[in-house]
Amino acid sequence: MIMIRKATFEDAPALADLSGQLGYPTSPAALSARIAPILKSQGHAVFVACAENDAVVGWIHAFVALRVESDRFAEIGGLVVAAPYRRSGIGRRLCSAAQDWASQRNLGKLLVRTRIGRTAARPFYESVGFTESKQQHVLEKRL
Ligand SMILES: CC(C)(COP(=O)(O)OP(=O)(O)OC[C@H]1O[C@@H](n2cnc3c(N)ncnc32)[C@H](O)[C@@H]1OP(=O)(O)O)[C@@H](O)C(=O)NCCC(=O)NCCS
């Protein structure tokens, strides 16, 4: 049976392992350092999906996005389910946990940005109720 719960600092190594499957390979130490302020912040939430032995098999990060020009909204920063556990409803449950968290904060919208090459992501998000609102260019400048 799969359980959804809030992530704790002790989950950092498992989150790091799954981050690799999301395309962001990272060390447990680096992820620990990054997740500390996230877990402390009221404006962020990380939920994990655990299998029987409490092994973490998926995670989702949602946060409150603040903008000058529009009302605050919730955004999904990352979502991944371990490859052997996909297509069994875990992504849907993680998304639902993020959605409930956002609704409890009276956020009127949950947004996700997903890379075009992620083949599973678009049909997944559509199947859990998201619709495309726009396409964007993403640019960055190294500092
Ligand atoms: C996208 C992802 C999180 C989905 O997780 P999941 O646990 O497999 O999703 P679910 O089992 O809850 O799927 C719910 C529905 O979404 C749709 N769906 C999910 N994966 C799909 C795929 N590969 N192709 C087509 N539809 C898919 C289906 O309608 C599915 O329902 P069904 O299995 O009854 O047909 C997972 O594939 C993943 O981790 N992918 C790699 C990382 C990634 O792309 N993350 C999103 C980045 S923003």
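Just so you know, ligand 1 is whichever comes first in the structure, and atom 1 is the first atom listed for that ligand.
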Problem - Step-by-step side-chain contact (heavy atoms from CB on, under 4.5 Å) determination, Ile2 to Cys50 - result: CA-CA 5 Å; Ile2 299 291; Cys50 302; over 6 Å; no

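- For atom 31 (O) of ligand 1, the closest non-hydrogen atom on the protein side is Arg92 NH2, 4.0 Å.
- Side-chain contact between Arg5 and Thr8 is present, with heavy atoms from C-beta onward closer than 4.5 Å.
- Distance remark: protein heavy atom present below 4.0 angstrom from atom 27 (C) of ligand 1.
- Protein heavy atom nearest atom 16 (O) of ligand 1, with residue, atom name and distance: Ser127 OG, 3.0 Å.
- Leu79 is not connected to Val56 by any chain of hydrophobic side-chain contacts under 4.5 Å among Ile, Leu, Val, Met, Phe, Trp and Tyr, and they are in different clusters.
- For a threshold of 3.5 Å applied to N or O pairs, the pair formed by Thr114 and ligand 1 contains no separation below that value.
- Of all the atoms in ligand 1, the ones that sit under 4.0 Å from a non-hydrogen atom of Ser88 are 11 (O).
- Counting heavy atoms under 4.0 Å from ligand 1, residue Arg118 touches it through the side chain alone.
- Closest protein heavy atom to atom 46 (C) of ligand 1: Leu79 O, 3.5 Å.
- In this structure, atom 35 (O) of ligand 1 has a protein heavy-atom contact shorter than 4.0 Å.
- Each of the atoms 17 (C), 24 (N), 25 (C), 26 (N) of ligand 1 lies under 4.0 Å from some heavy atom of Pro123.
- Residue nearest to atom 9 (O) of ligand 1, selected from Tyr85, Phe124, Tyr125: Phe124 (by heavy-atom distance).
- The Val80 neighbourhood of ligand 1 comprises atoms 39 (O), with distances under 4.0 Å to a heavy atom of that residue.
- Counting protein heavy atoms only, atom 23 (N) of ligand 1 is closest to Ala120 CB, 3.3 Å.
- From the protein, the heavy atom lying nearest to atom 42 (C) of ligand 1 is Leu22 CD1, 3.6 Å.
- Within the model, atoms OG of Ser27 and CG of Asp17 stand 12.0 Å from one another, a figure rounded to the nearest 0.5 Å.
- Of all the atoms in ligand 1, the ones that sit under 4.0 Å from a non-hydrogen atom of Gly89 are 10 (P), 11 (O), 12 (O).
- The protein atom (non-hydrogen) at minimum distance from atom 7 (O) of ligand 1 is Gly91 N, 2.8 Å.
- At a threshold of 4.5 Å between non-hydrogen side-chain atoms, the residues Asp11 and Lys6 do not count as touching.
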Problem - Trace of the salt bridge (Lys or Arg N to Asp or Glu O under 4.0 Å) decision for Lys109 with Glu75 - result: CA-CA 8 Å; Lys109 179 171 82 176; Glu75 180 159 349; over 6 Å; no

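- Glu132 has no carboxylate O lying under 4.0 Å from a charged side-chain N of Lys134, or vice versa, which leaves the two without a salt bridge.
- With a 4.0 Å heavy-atom cut-off, ligand 1 is reached by no atom of Trp59.
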For residues 59-74, dump all side-chain donor-acceptor pairs below 3.5 Å to protein atoms at least two apart in sequence or in another chain.
unit_1 : atom_1 : unit_2 : atom_2 : d
Trp59  : NE1    : Leu15  : O      : 3.4
His61  : NE2    : His44  : ND1    : 2.8
Arg72  : NH2    : Arg105 : O      : 2.9

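- Nearest protein heavy-atom neighbour of atom 39 (O) of ligand 1: Val81 N, 2.9 Å.
- Closest heavy-atom approach to atom 40 (N) of ligand 1 among the candidates Arg113, Arg87, Arg86: Arg86.
- Hydrophobic clustering, with ILVMFWY side chains joined whenever heavy atoms are under 4.5 angstrom apart, groups Leu31 together with Val80.
- At distances below 3.5 Å, at least one donor-acceptor pair connects side-chain atoms of Gln21 with backbone N or O atoms of Ala83.
- For Gln42, the CD atom is loosely surrounded, since the number of other residues' heavy atoms within 6.0 Å does not exceed 12.
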